Structure formats: structure tokens, C-alpha cells
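Small disclaimer: the values here were computed from a predicted structure and weren't measured. Convention: sequence-line order gives letters A, B, ...; per-chain numbering from 1.
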Number of protein chains: 2
Amino acid sequence: MATAPSTRELAHPAREDIRLEGVLHALADPMRLSVVRDLAAADEELSCSQLVLPVTKSTTTHHFRVLRESGVIQQVYRGTAKMNGLRREDLDALFPELLDSVLAAASGQADRLGGS
Amino acid sequence: MATAPSTRELAHPAREDIRLEGVLHALADPMRLSVVRDLAAADEELSCSQLVLPVTKSTTTHHFRVLRESGVIQQVYRGTAKMNGLRREDLDALFPELLDSVLAAASGQADRLGGS
DNA sequence: CGGTTCGTACGATACCCATCGTAGTACGGC
DNA sequence: GCCGTACTACGATGGGTATCGTACGAACCG
């Protein structure tokens with residue numbers, strides 16, 4: 001055991017601690033924006049491994065941490081998997097329309113640049 | 001002559017070259033977000049020196065350049081002053097609601113944190 | 001022309017951060 | 001108990017960037 005805190009709980013910022021600059025910074029990265037788009041499209045919790053990114057797993061872990069610590073997503077362990085979900089209610093309460101307009105902007109830009 | 005191009009013209013990205021990640025990155029910085037809020041509130045062109053930031057002039061120049069190159073603001077010389085204006089039309093055309101929701105979010109957060 | 005004001009250019013510095021590789025921990029199944 | 005899977009932790013590395021100071025260029029005003 002030694003370390004063995006095995007806290008199996010993940011620290012999330014409270015709703016009122018979510019900062020706009022942090023959210024914008026989190027969404028400004030193409031990788032993270034892609035994750036958020038996938039989560040919004042799925043509309044249910046997805047495990048980290050279901051969200052395939054063109055980077056190594058360590059980097060993926062890093063991006064999920066940034067998203068969680070900025071308050072954009074919530075994460076919870078389910079067995080060995082870590083499930084990810086958007087914090088839609090919190091974000092909509094704090095910054096109405098923001099998430100939707102960013103998602104719409106991302107979709108529109110994807111269409112414009114070649115529907116990828 | 002040597003250097004002396006004195007182009008007095010500033011390079012701006014065309015509307016279709018404005019990228020969402022670039023805009024989000026530009027807005028994610030507190031200094032730059034503050035500038036954008038002031039420009040939106042003024043609703044007219046402001047000179048660089050009217051927008052006082054708690055940093056040196058060189059740093060201010062840097063932030064204005066980031067905002068211009070990301071497509072958030074337009075700049076034009078008028079005599080010795082350089083006037084700054086939001087590219088509202090371009091941004092609204094590309095990313096409807098985005099600018100407004102970010103501005104509203106910034107206002108809301110400012111109120112929540114102590115109306116500064 | 002000389003001075004003043006406004007903004008730029010350039011170099012330096014220090015920090016942040018996206019990425020990787022490797023080694024390790026947690027959980028479930030055999 | 002042992003192995004495989006899922007994710008993490010840590011250190012290294014390279015590039016980006018926010019900041020400063022100083023020196024410069026451009027325009028207006030006497």
C-alpha cells in the first residue's frame with residue numbers, strides 16, 4: 001500500500017469557482033475543443049479511451065485534467081474506466097449561451113474548412 | 001531610406017481566415033479580455049493610450065497585436081494615435097452569439113466577484 | 001528645426017504548457 | 001494470486017508567450 005490513498009475521488013472546482021478565463025483557455029486548444037465537441041454530441045458520459053485523440057495517452061490525461069480543473073467537464077471512476085461528462089448545468093448557469101455559441105462556432109468552422 | 005517603408009498600414013486577417021481557437025486564445029487572457037470589454041462598452045474606436053492597462057507600453061503593444069492578428073480588433077492610424085475597434089460584424093458573421101455571450105459572461109463574473 | 005507624444009522593434013528573461021516516454025497504481029477477470 | 005487493461009505520475013524537452021527595458025520612428029506643435 002505505502003502511498004495507497006486510493007482516493008478514487010477527483011477534485012472538481014465548485015460552480016462558483018469556475019473562472020471564465022480558465023474556461024476560454026481550456027476551449028482554446030484544438031484537442032480539448034474536440035473532446036468537448038464529442039462529449040456534447042454524445043450527450044452521455046464517455047470513457048477516456050472512447051475519445052480517441054492523435055496524441056499519446058499521457059497527453060490525453062493532461063488535457064482531461066485541464067478540462068476538469070477549469071470546470072468544463074466532470075469525471076468519475078467506474079471500475080477501471082474514467083467517465084467524462086460536460087458540466088452543462090454549471091456552465092449554462094454561470095455563462096449563459098457561452099457553451100452553445102462555442103459549439104456552434106466550432107461546427108460552423110468545421111463545415112467551412114471542409115466538413116471534417 | 002534604409003528601413004523607411006513607413007507602411008502606415010496594418011495587416012489584418014481576412015474574415016474567412018479568422019480561426020475560432022485564435023479568438024478564444026486571444027480572449028482567454030485577462031488583459032486582452034479587459035480591452036475587448038472596454039471597446040465593446042465604448043462602441044467607438046479608442047486609441048491605445050485611452051485603454052490603460054497595468055503593464056508597460058511594450059506589453060500593451062504586444063496584446064493589441066495579438067488581438068489584431070487573431071481577428072478580434074481592427075486598427076488604423078489616425079495621426080500619431082492608433083485607433084482600435086472591435087470587428088463585430090466579422091465575428092458575428094463567423095461565430096454568431098459568441099462575442100455577446102463572452103461579454104455577458106465577463107460582466108456577470110465581474111459582478112459576482114465584486115463589481116470591479 | 002527641436003521637442004514632445006504616441007507607438008514600435010528588438011533583445012532578454014522567466015514562466016507556462018503541449019508533448020513524449022517510462023514506470024507505476026487501481027481494478028476486474030481468469 | 002496473476003495478468004491485462006485503464007489511467008496516472010514524473011521527469012524531460014521544446015516551443016510559445018507575457019513581461020520588461022531601452023532605443024528607435026512617425027507625426028504634430030511650437
Side-chain angles (χ1 to χ4, degrees), chain A residues 1-12 19 21-36 39 45-70 72-85, chain B residues 1-12 19 21-36 39 45-70 72-85:
Chain A
M1 38 96 183
T3 49
S6 92
T7 313
R8 298 285 85 187
E9 289 291 325
L10 290 157
H12 292 76
R19 303 276 278 121
E21 313 90 57
V23 172
L24 292 178
H25 174 245
L27 297 178
D29 184 279
M31 294 291 172
R32 293 192 287 261
L33 184 55
S34 158
V35 168
V36 170
L39 287 177
E45 293 193 329
L46 295 178
S47 74
C48 292
S49 46
Q50 286 171 72
L51 293 155
V52 185
L53 296 181
V55 292
T56 65
K57 217 126 67 99
S58 347
T59 305
T60 303
T61 296
H62 161 70
H63 285 308
F64 278 113
R65 188 206 306 243
V66 172
L67 285 170
R68 186 185 73 240
E69 292 182 345
S70 66
V72 176
I73 67 171
Q74 56 192 207
Q75 300 186 293
V76 64
Y77 283 102
R78 184 176 305 175
T80 68
K82 188 155 79 169
M83 308 306 289
N84 306 277
Chain B
M1 42 98 179
T3 50
S6 93
T7 312
R8 295 285 87 187
E9 288 291 324
L10 290 157
H12 291 76
R19 303 275 279 121
E21 312 89 58
V23 171
L24 291 177
H25 175 245
L27 297 178
D29 183 280
M31 294 290 174
R32 292 192 288 259
L33 184 55
S34 158
V35 168
V36 170
L39 286 177
E45 294 193 329
L46 294 178
S47 73
C48 292
S49 47
Q50 286 171 70
L51 293 155
V52 184
L53 297 181
V55 292
T56 64
K57 254 196 311 183
S58 348
T59 305
T60 303
T61 296
H62 161 70
H63 285 308
F64 278 114
R65 188 205 309 240
V66 173
L67 286 170
R68 187 185 73 240
E69 292 182 346
S70 66
V72 176
I73 66 170
Q74 55 190 237
Q75 301 188 291
V76 65
Y77 283 102
R78 185 176 305 175
T80 70
K82 186 155 81 170
M83 308 306 290
N84 305 276

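Close to C:dC27, at under 4.0 Å from its OP1 or OP2, lies no side-chain N or O of A:Arg78. For C:dT5, the OP1/OP2 oxygens have no side-chain nitrogen or oxygen of B:Ser49 closer than 4.0 Å. Considering only side-chain N and O atoms, B:Thr61 lies nowhere under 4.0 angstrom from the phosphate OP1 or OP2 of C:dA9.
We find that CD of A:Glu69 is positioned 12 Å from P of C:dA18, with the value rounded to whole Å. Look at CD on B:Glu21: it is 18 Å from P on C:dC17, rounded to the nearest Å. Between the CG atom of A:Asn84 and the C1' atom of D:dC7 there is a distance of 11 Å, rounded to whole Å. Between B:Phe64 atom CZ and C:dC6 atom C1' there is a gap of 12 Å when expressed in whole angstrom units. Separating the CG atom of B:Leu10 from the C1' atom of D:dA26 is a distance of 13 Å, rounded to the nearest angstrom. D:dG25 atom P lies 21 Å from atom CD of B:Glu9, rounded to whole Å. Atoms CG (A:Leu53) and C1' (C:dC20) sit 15 Å apart, rounded to a whole Å. Note: CD (A:Gln50) to P (D:dC7) measures 9 Å, nearest angstrom.
Taking the side chain to side chain donor-acceptor pair (under 3.5 Å) definition, one finds that A:Glu45 meets it with A:Arg78, sequence neighbours left out. For A:Thr59, the side chain to side chain donor-acceptor pair (under 3.5 Å) test picks out A:Thr56, with sequence neighbours left out. When the side chain to side chain donor-acceptor pair (under 3.5 Å) test is applied to B:Gln75, the partners found at least two apart in sequence or on another chain are B:Arg68, B:Asn84. Remark: B:Ser49 pairs with B:Ser47 by the side chain to side chain donor-acceptor pair (under 3.5 Å) rule, at least two apart or across chains.
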Between the protein and nucleotides 1-3 of chain D, which nitrogen or oxygen pairs are less than 3.5 angstrom apart?
none

Nucleotide N/O of nucleotides 13-20 of chain D paired with protein N/O under 3.5 Å:
residue: D:dA18; atom: OP2; partner: B:Arg32; partner atom: NH1; Å: 2.8
residue: D:dA18; atom: OP2; partner: B:His62; partner atom: NE2; Å: 2.8
residue: D:dT19; atom: OP2; partner: B:His63; partner atom: NE2; Å: 2.3
residue: D:dC20; atom: OP2; partner: B:Thr56; partner atom: N; Å: 2.8
residue: D:dC20; atom: OP2; partner: B:Thr56; partner atom: OG1; Å: 3.1
residue: D:dC20; atom: OP2; partner: B:Thr59; partner atom: OG1; Å: 2.9

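Across every non-hydrogen atom of A:Gly22 and A:Ser70, the tightest pair is O-CB, 3.7 Å.
Across all strands shown, B:Tyr77 has heavy atoms under 4.0 Å from sugar-phosphate atoms exclusively, and none from any base.
Each salt bridge (Lys or Arg N to Asp or Glu O under 4.0 Å) pair with one or both residues in residues 21-34 of chain A, not counting sequence neighbours, appears once here: A:Arg19-A:Glu21.
Contact annotation: the side chain of B:His63 never approaches that of B:Val35 to less than 4.5 Å [non-hydrogen atoms, C-beta and beyond].
Between the side chain of A:Ser34 and the main chain of A:Pro30, no donor-acceptor pair closer than 3.5 Å is present.
Rounding to the nearest 0.5 Å gives a distance of 10.5 Å between CG of B:Leu27 and NE2 of B:His25.
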